[in-house]
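Okay, so here's the structure we're looking at.
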Amino acid sequence: MSGVMFETAIAIYDKLTSTCLKFPASAEEWKAIAGGFWEKWHFPNCLGAIDGKHFKVHCPRNTGSQYFNYKQQFSSLVLAMCDSNYIFTYIESGSAGREGDAGVFSHSALYAGLESRLVKVPEPS
C-alpha cells in the first residue's frame with residue numbers, strides 16, 4: 001500500500017474507531033443489528049452489509065501483478081461491513097487488488113472468527 005494511503009488509513013482509524021467502528025462483542029449486540037435490518041429494510045436475520053472497494057494505487061515495488069485487478073489497473077482493496085444505519089462494524093484493508101470481495105473475506109479476521117466461533121453471533125432463528 002502506498003505510504004500516504006497507509007498513513008491516512010491509520011489516522012482515520014485511530015481518530016474514528018471509538019465512535020464510528022464498534023465490532024459487536026455479544027450475541028445481543030448482533031441481535032440488535034439484525035433487528036435494525038428488519039425494522040428499517042424488512043430484511044430478516046441480517047448481521048451486516050458487506051462490500052469491497054478498490055482504491056487505485058501505483059504498483060507497489062516487487063509485487064508483479066499481485067495488485068493488478070479486473071479493471072486493468074493497480075489497486076488495493078478495502079472490505080467493510082456496516083449495520084442498518086450505515087455505521088461501520090468491521091473493516092479489512094490493504095488486500096491486493098487482484099483479489100475480489102469473496103477472496104478478501106475468506107482470508108479476513110472476521111471469517112476466521114466466525115469459523116472458529118470466537119465471534120459471538122446469535123443462534124439461528
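Hydrogens, waters and symmetry mates play no part in the numbers below; they use all other heavy atoms, side chains included. Counting begins at 1 with the first residue of the sequence. These figures come from a predicted structure and were not determined experimentally.
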Are any of the side-chain heavy atoms of [X] and [Y] separated by less than 4.5 Å?
{"X": "H54", "Y": "V78", "result": "no"}
{"X": "N45", "Y": "F37", "result": "no"}
{"X": "I50", "Y": "Y90", "result": "no"}

Could you tell me which non-hydrogen atom of [X] sits nearest to which non-hydrogen atom of [Y], and how far apart they are?
{"X": "I33", "Y": "G48", "value": "CG2-N, 4.4 Å"}
{"X": "S108", "Y": "E92", "value": "CB-OE1, 3.6 Å"}
{"X": "W30", "Y": "P122", "value": "CB-CD, 3.4 Å"}
{"X": "I91", "Y": "A80", "value": "CG1-CB, 4.2 Å"}
{"X": "S106", "Y": "Y111", "value": "O-CD2, 3.4 Å"}

Residues D83, F88; criterion side-chain contact (heavy atoms from CB on, under 4.5 Å); working and verdict: CA-CA 7 Å; D83 66 14; F88 288 108; over 6 Å; no

Atom CZ of F105: over 12 foreign heavy atoms under 6.0 Å: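 Counting other residues, nucleotides and ligands, CZ of F105 exceeds 12 neighbours.
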
K53 atom NZ, neighbour heavy-atom count above 12 within 6.0 Å: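 No.
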
With D51 via side-chain contact (heavy atoms from CB on, under 4.5 Å) - residues at least two apart: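 D51: side-chain contact (heavy atoms from CB on, under 4.5 Å) contacts with D101.
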
salt_bridge(E29, K22) N-O dist < 4.0 Å: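 Salt bridge between E29 and K22, a charged N being under 4.0 Å from a carboxylate O: yes.
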
Single-linkage hydrophobic cluster, 4.5 Å side-chain cutoff, V104 and L114 together: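 Same cluster: V104 reaches L114 through Ile, Leu, Val, Met, Phe, Trp or Tyr contacts under 4.5 Å.
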
Nearest-0.5 Å distance that lies between atom CG in L79 and atom NE2 in H107: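 These two atoms lie 12.5 Å from each other.
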
Given C46, S84, P44, the one that forms side chain to side chain contact (heavy atoms under 4.5 Å, CB included) with W38: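 Going through C46, S84, P44 one by one, the side chain to side chain contact (heavy atoms under 4.5 Å, CB included) with W38 is satisfied by P44 alone.
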
